[in-house]
Structures are given as C-alpha cells and as structure tokens.
Amino acid sequence: MQTMAATQFEATDARRAFPCWDEPDFKAVFATTLVIHPRLTAVSNTLVTSESIEAGTKVVRFADSIKMSTYLVAFIVGHIEATAPVFIGKTPLRLWTVPGKQSLTPFGQDIASASLKFFEGYYGIPYPGDKLDLLAIPDFASGAMENLGAITFRETALLVDQRTGTHDELERVADVVAHENAHMWFGDLVTMSWWNGLWLNEAFATFMEMLAVDAWKPEWKRWDTFSVSRAAAFSVDGLHSTRPIEYPVRAPKDADAMFDVLTYEKGASVLRMLEQHIGPAVFRDGVRDYLRTHAYGNADTKDLWVSLGHVAKQPVPELMDGWIFQPGYPLVTAHLLGDTELVLSQQRFAYLPHDKFPEQRWQIPVQIRITAGNRTEHRRLLLTDRETRVALPRGVRQLLINEGGHGFYRVRYDAMLLQRVLDAGVARLEPTERFNLVSDAWATTISGLMPLSDYLHLTGHFTEERDKNVWVLLLDSFSFLNRIIPASERPAFEAFVRNRVTPAVNELGWTPRAGENDLVRQLRGELIGALGKLGNDPVIQQQAIEHYQQHRKDQATVDPNVVPALVSILAHVGNEARYDEFSERYRMAATPQEERRYLFALTAFQSLELLARTLACTINGGIRTQDAPFIVSTTMMSVYGRELAWNFVKTNWDQMDRLFPKQGVRRMCGGIVCLATPELEQDVREFFTSRKIDLGGKTLEQYLEQLRIAVTFREKTKTSIPQHLKDFMQ
Ligand code: BES
Ligand code: ZN
C-alpha cells in the first residue's frame with residue numbers, strides 16, 4: 001500500500017491548503033515550493049526550476065504561474081512515472097501514472113496532442129502554460145480537473161487499453177481529455193467572475209470537447225451522440241424546480257451544486273444552437289475576440305455577447321438571454337390549418353401540470369424541412385411570438401421541425417403531421433432527427449400529452465433502427481417502464497422488449513462483419529445486454545455464458561464491445577459462485593475499465609444477500625470512495641435492489657456523509673428517482689425532511705420532483721399497462 005497526495009481545489013478548497021483570497025476574480029501569480037520525501041516525485045502547475053536535497057528532504061521549486069484563479073492551483077506528490085514528453089509546438093506534454101500502468105497511456109496521449117493542436121488553431125492563441133502534464137490519480141472524486149498545466153484525472157478517464165476498450169470507454173477518455181484541454185483557455189486563461197457564471201467555463205469546455213473529438217475522429221459522429229447529453233438536459237430542465245443556466249451562488253454548497261446538467265449539457269446545447277444559427281466561422285471569430293479581450297482576466301455572460309454580437313453583427317443578447325436567464329425551454333406545437341398553412345406555437349414544457357408559470361417566450365431559431373411532391377425545401381425562421389403562421393406549398397408529404405436537431409426545444413406534431421412523418425418513413429430522417437422524434441414523443445407521453453399506447457406503437461417503427469443513440473434512448477424508456485410496472489406484469493413486459501429488440505439482434509448477430517464501424521459494434525453490445533436483462537431472454541442468456549467462457553479463454557475471439565453485455569447478463573442471472581468470481585476479477589483487473597465493469601456488475605445480481613455484500617463494501621473500505629457513491633445509486637436503480645439500497649442509505653447516512661466526497665453524496669442521492677412507488681416516495685420525503693438534508697442549490701428538489709413524475713405516471717397507467725402490453729405481444 002502506497003500513499004499519494006493530490007489536491008482538488010475547485011470550487012472553494014484552496015483556502016484549506018494556503019491562505020488566499022479564494023474567489024475566482026482574485027487572480028494572482030503563484031510560486032510553489034514543495035518539500036517532500038527524497039524518493040517521491042512532485043508535480044505542480046509549472047516547470048520545475050530547481051530541485052535540491054536539504055537536510056534529508058527534497059526541495060522542489062516551480063516556475064511562476066501565469067496570473068490565474070486560486071481554484072486552479074495544484075500539487076501532486078507520490079511514486080509516479082511519466083511518459084517521454086512529446087512537443088506540441090514549444091509545449092512538452094506528458095502523461096503520469098502510478099508504476100506499472102504506462103502501457104495504458106498511448107490513446108490518451110494521442111487525443112491530448114490532437115486536441116491541444118486543435119485548440120491552438122481554433123482559438124488562435126498559443127497554449128498559455130509552460131508545460132502540460134496529465135496525471136491519472138487512482139482515487140479521484142470527480143472525472144477530471146483542469147488545473148493549469150497539471151490536469152488530474154480518475155484512471156478510467158485517462159488510461160485505456162485500445163485493444164480491449166469498448167467504443168464508449170475510448171470515447172470517454174477522448175471526451176474528458178479534450179474537455180480539460182479546452183479549459184486551458186476557457187476557464188484558465190479567461191475565467192468567469194463568479195460562480196453564477198460557471199457555464200462560461202463548463203458549457204464551453206463541453207462544446208469544445210465535441211468539436212475537438214469530432215475533428216479527431218469524424219467516424220465517431222460525436223455530434224450525433226451529443227443528442228444523449230441534450231436529452232439529459234431536457235429531462236432536468238422540464239422540471240418546475242429547474243433553474244436558469246445563470247443562477248445566484250452564495251454558499252460553497254451552492255457553487256458545488258452548479259456542476260450539473262444545466263450548466264454543462266444545457267449550456268453546451270444552447271451554444272451549439274447559436275453556433276448553427278450564426279454560422280461556425282462567425283461563432284469561432286466571436287470566441288477568439290472574447291478570449292483575446294479577457295485573457296488573464298475574468299468575464300461575465302454579457303462580455304461574451306458583446307464579442308459574439310460584434311462579429312455576428314446580430315443582436316445576440318436578445319436571442320440568447322432567454323436561454324441563459326430563464327428556466328426551462330419551449331415546446332413547439334405544430335399543426336396544419338387546411339392544407340397550406342402551418343401554425344407553430346410555443347409554450348414552456350413541463351412534465352407535471354403547470355398553471356402557475358408566468359407566460360414565457362423564447363427567441364427560437366427554427367429550421368424546417370418540407371418535402372412536397374419530389375422537392376425538398378429548407379426554411380429558417382426565428383420564432384419570437386406565441387404563435388407564428390407559415391405558408392406551405394401544396395402536397396406536403398413530410399414536414400420536419402428542428403431539421404438537423406440542434407434546437408433546444410421539443411416538438412409536438414398534430415396527429416396528421418406525425419402520421420406523415422411516419423408514413424414517409426423514419427429512415428428518411430437523420431439520426432439526430434430520429435432521436436428527437438422519439439425523445440419528444442416519450443417526454444410528451446410522460447407529461448400526459450401523448451397516450452402511452454401511441455408511444456408503444458411508435459417504438460414499433462424502429463425495429464430496423466441501427467443508430468446506437470436512438471436505441472439507447474428507446475431502451476432507456478423501456479427501463480423506465482420496467483421500474484414503474486408491478487412485478488406481476490414483468491413477464492408480459494419482457495415479452496414486449498423481446499419483440500422490439502430481437503429483430504435487430506438477429507440481424508447483427510454476435511460477431512462484427514468485416515469493416516463494420518465502432519458505433520455498430522457498440523450498438524450490438526447494447527442490444528444484446530437489453531435482450532438478456534430487460535428482455536430476460538433465456539437463449540441470449542445461455543449464449544452469453546458461452547461467449548463469456550470463450551472470452552476468458554482467448555480475449556481476441558470476442559469483440560470488446562459485447563464484453564460489458566456478457567458480464568452484466570451473467571451477473572443478472574448469476575449465483576454466489578459467479579459473484580465471488582466477479583469480485584475477484586474486480587480486484588485483479590488489468591485495466592481501469594475492466595475493474596469498473598466487474599465492480600458495477602456487483603450491483604446487477606438479483607439476490608438480496610449478494611447485493612447486501614456489495615453495499616457493505618461501500619463503507620468498509622472494500623470499494624474506493626471515488627466509486628462507492630455510484631455503486632449505491634446504481635443499486636437504487638435496480639428493481640431488485642432498490643429498497644435494500646435505500647434502507648442502507650438511511651441506516652448509514654452519517655457515515656457516508658463523512659466518508660464520501662461532497663459531489664459523491666449529491667450524485668448518490670440521484671438514485672432516489674428510481675424508488676418509484678407511492679410508499680417509497682413517502683418514505684424518501686420523510687427522511688430528507690426530518691434530517692434537514694441540503695444537497696446544495698435545487699438538487700434535492702429536482703430529485704424529488706423526478707420521483708413525483710415517475711410515481712404519478714405509475715398511478716396513471718397502473719390499470720392500462722397490462723392491456724397495452726397484451727395488445728403488443730405477438
Ligand atoms: N471543472 C471540472 C471538475 C469539477 C467538477 C470540479 C465538479 C469541481 C466540482 C472539470 O472540468 C469537469 O468538468 N469534469 C467532469 C468531466 C468532464 C469531461 C465533463 C467531471 O468531473 O465529471
Ligand atoms: Zn469542465
């Protein structure tokens with residue numbers, strides 16, 4: 001056992017390490033000296049200027065930093081090893097690991113170099129530090145942290161074996177590395193003045209991460225997969241308890257609570273919408289102007305609008321303020337008036353009924369694709385009023401609102417328009433457009449605007465779907481249903497899932513075809529996993545056992561992308577012997593990804609005794625505190641383990657609160673949204689109220705509202721679901 005020290009100061013913990021004005025707009029130059037054990041290595045934000053042994057200790061002095069905020073200061077001390085530096089221009093770039101893990105660095109190094117070059121080009125400003133170190137820390141609370149010149153990561157976000165990693169695992173490393181590198185400018189060189197403007201850091205880093213990864217591996221279609229992030233933002237922003245992207249911050253807890261999907265994913269989505277509206281080159285020039293003007297300083301949202309408006313020669317604040325300073329987003333309803341007039345109207349979308357909202361309006365950039373006869377037309381308009389009328393050509397066959405899918409709004413078609421979209425064939429739509437069609441249909445189903453039977457019917461149009469993101473969304477909606485149906489309905493529900501998923505699995509088979517792309521491989525894994533677990537398909541389960549044995553004998557014979565499905569199916573049907581085997585694999589894993597896979601498999605067993613063993617490890621040191629909160633929340637998401645996990649949380653709350661990182665406790669509580677029965681909901685509310693627990697910002701309110709939505713839906717569909725499921729069984 002070895003000890004390693006690594007700092008994590010964002011948002012307000014630099015003050016615990018050294019005396020300082022610990023607020024983002026008190027920028028300063030930092031000169032660090034570390035006095036350490038002679039056999040250890042130290043890394044900080046800048047190059048080492050001198051190293052000497054004095055009275056048996058090692059004294060390491062670092063060069064002065066640029067003028068920067070306190071939360072970006074970092075030091076790491078331990079037994080660590082670096083890759084040989086590669087030079088990006090004048091910048092030496094290295095990756096650091098604990099001894100023995102250097103073989104897992106090449107992939108991270110590739111994306112680190114590629115994204116650093118990409119950003120220097122995009123921003124038109126050289127990298128602001130004197131060197132760049134990326135460090136993999138074996139126990140790290142968040143995903144990664146953008147300390148200038150010394151970025152820290154959890155191991156799964158930096159180290160990966162390219163041969164055995166799945167597409168999702170490789171994409172995760174690429175995303176996180178590109179995201180943190182993007183921060184070297186957005187966040188480190190130019191910083192928000194105060195935490196209410198955190199989106200200027202995080203939304204931009206998220207947006208830039210997409211651009212960089214998309215440029216690096218266009219075949220990954222990163223912007224298509226961004227649909228998943230946009231959908232995550234929609235689901236929180238459809239709550240009464242959502243907040244505007246900019247939101248007041250007073251206490252440190254509230255600063256921590258700002259790191260959520262509204263800041264990251266909604267922020268990045270509205271930036272993408274703006275970029276597509278004013279054009280990518282104009283947007284980039286506005287970004288360059290903003291960074292140049294505020295380099296080594298701080299900025300507010302209005303400063304960004306000034307730069308963008310200046311370059312775009314358009315009134316950017318009028319367009320954007322509604323998206324940044326108002327909570328929620330619009331639902332655009334489309335209906336036909338006669339045959340040649342389209343009426344579009346906007347109202348705020350919410351899952352639960354809402355008479356109490358004041359009238360809200362957005363300026364919505366809307367793109368429409370109209371197919372009439374054999375001609376296709378593209379229209380762009382800015383919806384500013386409550387209602388807008390659009391003249392249509394005669395003989396419209398298909399009409400699609402939100403062409404390209406970049407808009408941050410939902411669409412609800414009238415029955416006739418929806419029928420035309422479906423009749424013309426969903427295969428004619430782009431992947432993101434199909435994604436939005438399903439996502440909007442599902443959201444309007446939950447909110448009561450679309451009957452569940454219509455949604456279930458709609459999913460039947462997607463048996464030929466081969467886009468992984470669309471499938472992930474469909475499967476998520478099935479998982480939601482699985483959590484709200486009574487156990488007695490589960491066999492009928494499983495048959496429904498098999499009906500929807502089996503055709504695709506039969507066609508894709510178990511082994512990749514020559515030349516098949518990574519996305520299809522990942523899709524195969526997702527579908528097999530769903531069929532084996534949600535569909536409870538005995539044939540797939542048996543085949544999974546056989547493929548797993550093959551994989552154990554010779555890794556090269558099974559595609560890495562199906563391995564997670566194998567492991568989770570085996571856990572789903574597994575007994576104690578399997579549990580012991582997987583616990584051992586967790587402890588002996590060769591890569592961080594393999595370790596994570598077997599660890600999370602320990603939440604996928606059905607036996608309560610086994611799940612109880614997993615939960616016990618979250619507080620007895622068996623599972624590191626970086627993972628423990630997620631293990632608890634994942635168990636709360638299991639229909640078998642949720643009550644057990646909830647009781648475990650109640651019993652051990654104080655200990656968890658002490659042991660887990662702050663962000664961890666907040667994330668762990670996210671699992672309560674799955675406790676979707678009226679009795680459990682009641683119990684959850686009582687617990688949080690009686691213990692006066694505050695998770696910062698609006699976090700708890702949002703979790704409780706999401707739980708309310710699930711329970712409401714359960715109660716509303718309780719009697720009709722059995723009939724629907726019968727209707728769809730074949
Ligand atoms: N600045 C954050 C790290 C952070 C998160 C600090 C929460 C304090 C509280 C970093 O840039 C970040 O966004 N990390 C993400 C990963 C990223 C790729 C989305 C994280 O840790 O989840
Ligand atoms: Zn970030």
Side-chain angles (χ1 to χ4, degrees), residues 6-14 16 22 24 68-74 108 111-112 115 119 134-137 139-158 160 168-192 195 197-213 222 225-226 228-230 232-233 249 252-269 271 596 626-627 629-630 633 660-668 670 695-697 699:
T7 57
Q8 166 58 46
F9 291 159
E10 192 176 24
T12 59
D13 284 331
R16 293 169 62 200
D22 193 15
M68 64 182 200
S69 306
T70 44
Y71 76 86
L72 293 168
V73 175
I111 176 61
S115 59
F119 293 131
L134 280 63
L135 302 105
I137 312 291
D139 196 351
F140 192 74
S142 51
M145 176 64 212
E146 70 269 26
N147 316 299
L148 182 82
I151 307 177
T152 41
F153 295 80
R154 67 167 56 200
E155 290 189 332
T156 48
L158 183 62
V160 66
D168 274 7
E169 290 163 354
L170 295 168
E171 186 186 69
R172 172 74 182 155
V173 171
D175 279 355
V176 183
V177 170
H179 177 103
E180 304 310 329
N181 273 354
H183 272 311
M184 298 299 110
W185 290 260
F186 262 105
D188 294 10
L189 183 64
V190 178
T191 312
M192 73 271 148
W195 299 105
L198 181 66
W199 83 283
L200 291 170
N201 275 10
E202 297 300 350
F204 262 101
T206 303
F207 174 84
M208 293 297 164
E209 152 200 340
M210 300 298 139
L211 282 187
V213 173
R222 192 61 188 83
T225 303
F226 182 69
V228 178
S229 302
R230 190 186 293 107
V249 169
K253 232 191 179 90
D254 300 328
D256 293 336
M258 289 293 278
F259 294 84
D260 68 356
V261 290
L262 298 167
T263 295
Y264 283 72
E265 279 79 13
K266 182 180 180 184
S269 301
L271 286 173
R596 184 176 184 279
Q626 69 166 11
D627 299 316
F630 297 97
S633 62
F660 296 171
K662 279 179 291 186
Q663 296 284 348
V665 174
R666 225 163 43 86
R667 301 252 162 95
M668 172 180 82
L695 298 176
T699 311

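Atoms within each ligand, like the ligands themselves, are counted from 1 in listed order.
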Intermediate values then yes/no, side-chain hydrogen bond (donor to acceptor under 3.5 Å, both in side chains), Glu202 and His179: CA-CA 9 Å; Glu202 297 300 350; His179 177 103; 3.1 Å; yes

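Taking every heavy atom of Tyr264 and a limit of under 4.0 angstrom, the matching atoms of ligand 1 come to 2 (C), 12 (C), 13 (O), 19 (C). For ligand 1, the atoms closer than 4.0 angstrom to any heavy atom of Ala144 are 2 (C), 3 (C), 10 (C), 12 (C), 14 (N), 21 (O). Taking every heavy atom of Glu146 and a limit of under 4.0 angstrom, the matching atoms of ligand 1 come to 1 (N), 2 (C), 10 (C), 11 (O). Atoms of ligand 1 found under 4.0 Å from any heavy atom of Ser142 (numbered from 1 in listed order, with element): 21 (O). Taking every non-hydrogen atom of Gln8 and a distance limit under 4.0 Å, the qualifying atoms of ligand 1 come out as 6 (C), 8 (C). Atoms of ligand 1 found under 4.0 Å from any heavy atom of Glu180, numbered from 1 in the order shown, are 10 (C), 11 (O), 12 (C), 14 (N). Taking a cut-off of under 4.0 Å to the non-hydrogen atoms of His183, the atoms of ligand 1 that pass are 11 (O).
For Arg172, no nitrogen or oxygen atom sits less than 3.5 Å from a nitrogen or oxygen atom of ligand 1, counting backbone and side chain alike.
Using a distance-only test at 3.5 Å, with no hydrogens or angles considered, no donor-acceptor pair links the side chain of Glu209 to the main chain of Ala178. Looking only at distances, no side-chain donor or acceptor of Arg222 sits under 3.5 Å from a matching main-chain atom of Leu211. Distance alone, capped at 3.5 Å, places no donor-acceptor pair between the Asp188 side chain and the Met68 backbone. Thr263 places no side-chain N or O within 3.5 Å of a backbone atom of Phe259 that could act as its donor or acceptor partner. Remark: side-chain polar atoms of Gln663 are not paired, donor with acceptor, to backbone N or O of Val665 under 3.5 angstrom. A distance-only check finds no donor-acceptor pair linking the side chain of Asp13 to the backbone of Arg16 [under 3.5 Å].
Taking the Zn ion (ligand 2) as reference, His183 places its N/O/S atom NE2 nearest. Taking the Zn ion (ligand 2) as reference, the nearest N/O/S atom within His179 carries the name NE2.
In this structure, atom 5 (C) of ligand 1 lies nearest to the protein heavy atom Phe259 CD2, 3.6 Å. The protein heavy-atom contact nearest to atom 20 (C) of ligand 1 is Gly143 N, 3.4 Å. Atom 8 (C) of ligand 1 has as its closest protein heavy atom Glu10 O, 3.5 Å. Of all protein heavy atoms, the one closest to atom 9 (C) of ligand 1 is Gln663 NE2, 3.3 Å.
In this structure, CZ in Arg667 is found 13.0 Å from NZ in Lys662, a value given to the nearest 0.5 Å.
Among the atoms of Glu202, an N, O or S atom falls under 2.8 Å from the Zn ion (ligand 2).
Looking at Thr699 and Asp260, their side chains never bring a donor and an acceptor atom within 3.5 Å of each other.
Ion pairing between Asp627 and Arg596 fails under the 4.0 Å rule for side-chain N and carboxylate O.
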